Each structure stands twice: as structure tokens, then as C-alpha cells.
2 protein chains.
Amino acid sequence: MSGKNNRDRVAALAGVSSATVSRVYNSPERVSAVKREAVLRAARELGYSPDKSASALRRKGTGQITLVSFEKKGRTWYWGDFPVAKWFFTDVLSGVLSVVESSMFRLNLKTLKSPEELKDIPWEQISDGVLFYDVDTEEEAAAAAALPVPSIISHHTAAYVNNHRCCTDNRAGGQIAADHLKENSFDRPVYISYLQDLNSPNSQRYKGFCEGFDKEVPLHLTEPGKEGGYAVCETLIPHIKKGAIDSVGVVNDMTAIGVIQCLQNHGLTPGKDLALIGYDNMPFNYALPFRLTTVDLQPSLIYREAMTMLLEILSSGGGKAEFRSKVVLPRLVKGDSV
Amino acid sequence: MSGKNNRDRVAALAGVSSATVSRVYNSPERVSAVKREAVLRAARELGYSPDKSASALRRKGTGQITLVSFEKKGRTWYWGDFPVAKWFFTDVLSGVLSVVESSMFRLNLKTLKSPEELKDIPWEQISDGVLFYDVDTEEEAAAAAALPVPSIISHHTAAYVNNHRCCTDNRAGGQIAADHLKENSFDRPVYISYLQDLNSPNSQRYKGFCEGFDKEVPLHLTEPGKEGGYAVCETLIPHIKKGAIDSVGVVNDMTAIGVIQCLQNHGLTPGKDLALIGYDNMPFNYALPFRLTTVDLQPSLIYREAMTMLLEILSSGGGKAEFRSKVVLPRLVKGDSV
DNA sequence: CTGTTAGCGCCTTCAC
DNA sequence: GTGAAGGCGCTAACAG
């Protein structure tokens with residue numbers, strides 16, 4: 001008795017104590033089937049559902065999961081000057097939310113300038129678990145692993161074996177691009193990229209592309225962004241015109257934009273005079289006079305899986321004894337350019 | 001005294017009662033500057049920050065603010081087929097978060113297919129207040145007003161006087177576009193749009209454009225999307241070539257893309273042969289060979305203000321007695337096309 | 001303006 | 001397997 005809140009009314013209606021009501025929602029297996037049913041029936045009748053704030057307070061947790069992203073201002077080699085994270089991020093969010101909403105947790109968003117800022121945050125006070133968006137450096141991975149609460153990193157994270165992680169497979173993506181060209185009988189390809197080190201996503205994409213063609217595809221390195229794509233394409237024009245090159249794989253759509261503009265300025269049409277395939281499935285393809293064939297990371301799917309993993313980790317005590325890993329494969333998005 | 005938690009330690013260190021600590025975070029204006037400073041200093045020293053779950057519990061609310069957006073699948077006339085909400089929305093989020101994070105509330109996201117779904121949600125159980133994203137129909141505004149918790153709508157919402165609202169001013173935006181053309185000595189403008197009714201954002205933009213030029217600017221209506229822009233531009237080409245038209249205002253960047261592609265196919269260059277100004281400051285301008293001059297809604301700013309208003313409404317009891325309204329003016333983003 | 005006091009709804013011992 | 005009781009950190013009266 002005592003209380004006069006909904007829960008006590010449920011308890012009274014079900015003929016049990018409020019402690020039993022609590023148990024029904026937290027460890028149902030410890031309650032006899034009869035009383036459990038009675039409680040659930042009473043709850044339904046009274047429209048009762050447990051208060052998450054009170055629960056979190058008493059449990060001394062936060063009831064929150066945080067999705068962390070870094071600004072990565074300096075990363076011109078990757079996104080160029082284009083604020084593309086803006087678009088990509090929304091896909092990510094929808095994936096994450098679809099999982100969190102049906103859990104005991106709520107989602108919390110945080111954007112940081114650098115991994116160092118992680119240290120200044122009282123994680124235990126604001127979050128029970130953290131999902132890191134777009135981790136792709138050792139530094140970030142290490143910082144994530146050092147948090148005082150469980151965490152998982154995505155999506156270019158296959159290499160970071162000391163974290164829980166959910167990743168894409170850039171090599172597979174490169175191969176998918178090559179396979180598509182081969183299936184359409186192109187056999188004189190080149191690849192345009194700007195590599196960093198050998199394990200970078202860009203290098204992996206090229207590697208996969210070569211594997212798809214089963215040979216060392218000629219590689220043309222350039223600067224990041226559409227300017228780089230334009231510049232390197234200039235040097236290829238003569239070979240394209242004489243048919244020595246019939247197809248081009250590009251490290252990302254960003255760079256492909258430059259290639260396209262160069263082709264157009266030389267009177268060439270992608271999809272007609274040259275097969276062209278990008279990577280990342282950027283929405284700004286809308287601004288092109290045709291659809292660019294590209295490879296999609298499926299960000300929404302990756303992050304849905306990542307969040308699912310995080311919840312599993314939390315419910316199993318958050319131990320780091322064994323790091324979990326999962327891979328989500330990219331997929332081809334057919335356009336008009338191949 | 002009594003308690004042994006962080007907050008009581010902050011109170012002790014600052015030489016005040018714990019209630020005063022609470023006031024510093026909830027209604028700082030009610031605390032003398034001296035004690036306020038003392039509390040904040042003590043809090044910093046002890047690494048204290050208020051527990052949002054406890055706050056929500058005591059306050060008998062959920063501690064959550066929900067940001068609701070509708071899918072608006074049918075709205076091809078507005079966004080075309082382009083998933084532009086994806087990037088726009090992230091700007092919105094950053095604005096909203098900047099305010100929520102320093103409040104006692106947390107942010108909650110929800111995407112619904114239609115206003116009808118609003119009725120199926122037990123709002124009191126999940127949210128203390130709701131911010132509606134991108135409301136632009138009577139139906140949505142009415143549905144928002146009917147919620148059992150306080151709400152505010154943005155951003156094409158100037159016309160909905162029965163809601164709390166934070167809006168852009170499309171007429172001012174149109175005028176900004178016209179002014180910019182005039183300042184650069186263009187005096188033979190036309191305007192391209194697809195109007196709906198007279199109070200629609202599109203109509204307002206046109207109206208403002210005319211006001212800027214102080215005359216009825218020739219209006220060319222077309223279909224939505226870049227296809228529409230392309231088609232209507234075809235009909236204008238002769239007049240542009242003979243100089244009867246020296247500048248074009250376009251209802252949005254989306255449509256402007258079509259205009260640009262048409263101009264290019266006719267050997268004309270925006271910014272050289274014709275002044276061109278869009279609206280919305282879309283990021284896909286990156287895919288163009290130049291920067292499109294455009295008008296920016298400043299979504300991040302609008303939604304920062306909207307959230308600030310909502311918090312004020314909540315702290316003042318959430319009454320609807322008097323509906324609050326605020327306008328955030330758009331701004332010109334100078335590119336290479338004017 | 002400031003302090004005191006009484007719970008908010010829940011979970012977790014601790015008995016039984 | 002179940003009930004009783006204490007208290008998580010905070011805020012809303014109410015006094016002063």
C-alpha cells in the first residue's frame with residue numbers, strides 16, 4: 001500500500017506488492033507466471049508503463065545512449081570542402097533510432113571537435129553507453145576504447161581490433177564496382193584515387209577493384225575533391241578518345257564530379273563515351289544531368305546493426321573481455337553512367 | 001545539510017542551501033549574482049552537473065523534448081525527388097541541440113508519416129514539449145495545436161496564428177534577392193516559380209521579389225524540380241540571347257539547377273551571360289561548375305530560436321493563452337552567379 | 001532573495 | 001517467491 005501512484009494501483013489491482021510489479025518489468029523470470037499475468041493485465045487496464053526517469057534515478061544509471069561524432073574539419077582529403085556529413089548523418093540517425101526507440105534507453109547526440117574532448121566529459125554522468133560515428137583513425141579508436149563506459153565504433157573500423165566495432169568492407173565495395181564493369185564487358189579500366197596509407201579505406205577500395213578485374217588496374221593519383229578529379233581526367237582525355245581507356249573507377253562521388261565536368265568540357269558523355277562508377281552514393285548526384293552509378297555503404301543499415309550490438313553489450317554487463325565485430329557489405333546503385 | 005551527494009557538497013562549498021543550487025540551474029535570474037557565481041564555481045570545482053532523471057522525476061514530467069518531423073512523401077512540388085531533408089535536417093538538429101543540451105531536458109526524435117499518427121501517441125508519457133519541424137499546412141498546424149503537451153511549429157509558419165511558432169520570412173527573402181540584383185545594376189529581371197496558393201512560401205518569395213524591384217516582375221510558372229526549371233528556361237533562351245532579360249530569380253536552388261543545365265546546353269554561362277539567384281542554399285551547389293548565389297533560410301538559427309521559445313513556454317507553465325511568434329530573417333549567400 | 005521540508009516513482013536490500 | 005521499507009537527486013511549496 002502506502003503510495004498512491006499508478007504503480008501502486010497496479011499492484012493493488014493485481015493483488016501483489018509494488019515490488020512484484022517492479023520485478024515483472026525487470027526480471028520477469030523471478031515472478032510466478034500467475035502473478036506476472038495478473039500484473040500485466042492490471043497494467044494494461046490502468047494504462048501503466050514504468051517511468052524511465054525514476055527507474056534511471058534509482059538504478060543510478062543515466063538511461064541514455066550517446067551517439068558521438070567528430071567534426072573532422074581538417075579532413076579535406078576525405079570529404080573535400082563539402083559538408084556532406086550533414087546528409088550522411090541523417091541516414092545514420094534513422095538507423096540508430098529504429099533500434100533505440102524500442103529499448104529502455106534514450107538517444108543522446110554529441111558532436112566533438114576532437115578525440116581529446118572525450119576526456120573532459122563525465123561519461124558516467126550522462127551516458128550508459130556510446131556509439132561512435134565515423135571513426136577512422138587509431139587515435140579515435142583508442143580514445144573510444146578508453147572511455148569509462150561501454151562503447152562501439154563504426155564504420156571504417158575493421159582494423160581496430162581493440163574495440164567493439166561494426167564496419168563496412170571497402171575492399172568488397174571496390175570489387176563490386178569492378179564486377180559491374182566487367183559484367184558490362186568493359187576491359188580497359190583505370191582507377192582514380194588519392195591513397196593515404198595501405199590500410200586506408202581508399203586503398204582498400206582500389207585493392208578490391210583490382211581483385212575484381214583480376215589484375216593490377218592502372219592507378220592515377222590526384223588531389224582530393226572535384227578539383228583533383230578534374231585535373232587527373234585532363235591527362236586521360238587523349239587515351240579515352242582513342243579508346244585505350246573504356247571505363248573509370250573513382251574513389252568517391254566527390255572526385256567523380258570533377259571527372260564528369262572535365263569529360264563534359266571535352267564533349268564526352270559518361271555512360272556513352274566512357275563507363276564511370278563512383279563510391280558513396282551521394283545525393284548531390286541530383287545536380288548532374290544523369291545518374292552516376294555508384295557504390296552505397298548503406299549507412300543506415302550499418303548503424304542499426306551497431307546500435308543493436310551496443311545494446312547487447314550493455315545487457316551482458318559491458319565487458320571488454322572479448323571484442324565483438326560485425327561487417328555490413330556495401331551494395332551497387334545502378335545509374336546511367338555504366 | 002543532510003544529503004551526501006554532489007549537489008549538497010556544491011551547496012556546502014558555495015555556502016548556500018541545495019535549493020539555491022537548484023535555482024541556479026532552473027531560474028538563474030532569481031538568484032543573486034554573488035551566490036550564483038559562487039555556486040557555479042563550486043560546481044566546476046566538484047565536477048557537478050544536475051541529474052536530469054531526478055529532475056524529471058520530481059518535476060513529474062518526462063524530461064524529454066521531442067522533435068517531430070513528417071515524411072511528406074507526396075510533396076514533390078516542394079523538394080522534388082531529392083532527399084534534401086537529409087542535409088537540412090542536420091542543420092536543424094545542431095541548432096536544437098545547442099539549446100537543449102544546456103537545459104534540464106533531453107532531446108527525442110520522432111518521424112511520422114502523417115499528422116494523424118500524432119493521435120496514437122501518449123504524449124504526456126513520453127514528452128514534456130514538442131517542436132515540429134517544417135510545418136507548412138493547416139492540417140499539420142492544427143494537429144500540433146491539438147496535442148496535450150505544449151508545442152511550437154517551424155518554419156514556414158507565419159500564417160498559423162493559433163500556434164506558438166518560429167518562422168522564416170519568405171517575402172523578405174525574395175526582397176533580398178531582388179535587392180542584390182538591383183545593386184548590381186540588373187533591371188530586366190524575370191522570376192521562375194511554381195506557385196500554390198497566395199500564402200504559400202513560393203508566392204511570398206515572388207511577392208518580395210517584386211517589392212524589391214518595385215514593380216510586377218514577369219512571372220514564369222513551371223513544374224517543380226529541375227525538369228521544370230529546364231523546360232521554362234528553354235522558352236526564355238531567345239529573350240536572354242537578345243538581352244531582353246538580364247537576370248533571373250528562381251524560387252529555389254532545385255529549380256535553378258534545371259535552369260543552369262539549360263543555359264549551359266545553349267552555350268550560356270550564369271554569372272556572365274545572365275545573373276541568376278536561387279533560394280535555399282543547397283549544398284549540392286558543389287556539383288556545379290560555379291557557386292550559385294542564393295538566399296539562406298538559416299535553418300540552424302531558426303530552430304535554435306524555436307527551441308529557446310519552447311523552453312520559455314514550458315517554464316512559464318505552457319499556457320496557450322497567448323501564442324508567441326518569432327521571425328528569423330534569411331540572408332544572402334553570395335556566389336559567382338550574380 | 002534564501003533556506004527548510006516533503007516527497008516524485010522506482011529498485012534493492014532484507015526479512016519472511 | 002514475495003512484501004516492507006529506505007532512499008536515489010532533485011524541485012515545489014512555504015516561511016522567513
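Convention: sequence-line order gives letters A, B, ...; per-chain numbering from 1. All of these numbers come straight from a predicted model, not from anything done at the bench.
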Find the distance [X]:[atom1] to [N]:[atom2] and express it as a whole number of Å.
X       : N       : atom1 : atom2 : value
K52(B)  : dC10(D) : NZ    : P     : 12 Å
R106(B) : dC10(D) : CZ    : P     : 12 Å
R9(B)   : dC8(D)  : CZ    : P     : 15 Å
D51(B)  : dC10(D) : CG    : P     : 6 Å
D8(A)   : dG7(C)  : CG    : P     : 14 Å

With a 4.5 Å heavy-atom cut-off, do P50(A) and S55(A) have their side chains touching? no

Contact check, residues 38-50 of chain B vs DNA chain D, heavy-atom distance under 4.0 Å, returns Y48(B), P50(B)

Taking DNA chain D as the partner, which of residues 11-36 of chain B come within under 4.0 angstrom of it by heavy atom? A19(B), S22(B), R23(B), N26(B)

Any luck finding a side-chain donor-acceptor pair between N26(B) and R59(B) under 3.5 Å? yes

Regarding H156(B) and N170(B), is there a side-chain donor-to-acceptor distance under 3.5 Å anywhere? yes

Sequence neighbours left out, what passes salt bridge (Lys or Arg N to Asp or Glu O under 4.0 Å) with E101(B)? Give chain and number order. K110(A)

Sequence-distant partners of [X], side chain to side chain donor-acceptor pair (under 3.5 Å), two or more places apart:
X       : result
S103(B) : none
N162(A) : none
Q298(B) : none

To check you understand the geometry: which heavy-atom pair defines the closest contact between P330(B) and L297(B), and what is its length? CB-CA, 4.3 Å

Indicate the atoms forming the closest heavy-atom contact of N163(A) with F323(A), along with that distance. C-CD2, 3.4 Å

Run the ring-ring contact (aromatic ring centres under 6.0 Å, His included) test against Y303(B) and tell me which residues pass, sequence neighbours left out. Y133(B), H155(B)

DNA chain C contacts made by residues 54-63 of chain B, counting heavy atoms under 4.0 Å: L57(B), R58(B), K60(B)

For residues 30-49 of chain B, dump all side-chain donor-acceptor pairs below 3.5 Å to protein atoms at least two apart in sequence or in another chain.
unit_1	atom_1	unit_2	atom_2	d
R36(B)	NH1	P28(B)	O	2.7
R36(B)	NH1	V31(B)	O	3.3
S49(B)	OG	Q125(A)	OE1	2.9

Given axes from five pairs at either end, by how many degrees does the helix from dC1(C)-dG16(D) to dC16(C)-dG1(D) bend, rounded to 10°? 20°

For E29(B), what residues pass the side-chain contact (heavy atoms from CB on, under 4.5 Å) criterion, not counting sequence neighbours? S27(B)

Side-chain polar contacts of residues 60-69 of chain A - donor-acceptor pairs under 3.5 angstrom, sequence neighbours left out - could you list them?
unit_1	atom_1	unit_2	atom_2	d
T62(A)	OG1	Q64(A)	N	3.1
T62(A)	OG1	S127(A)	N	3.4
T62(A)	OG1	D128(A)	N	3.2
T62(A)	OG1	D128(A)	OD1	3.0
Q64(A)	OE1	R106(B)	NE	3.3
T66(A)	OG1	S127(A)	OG	2.8

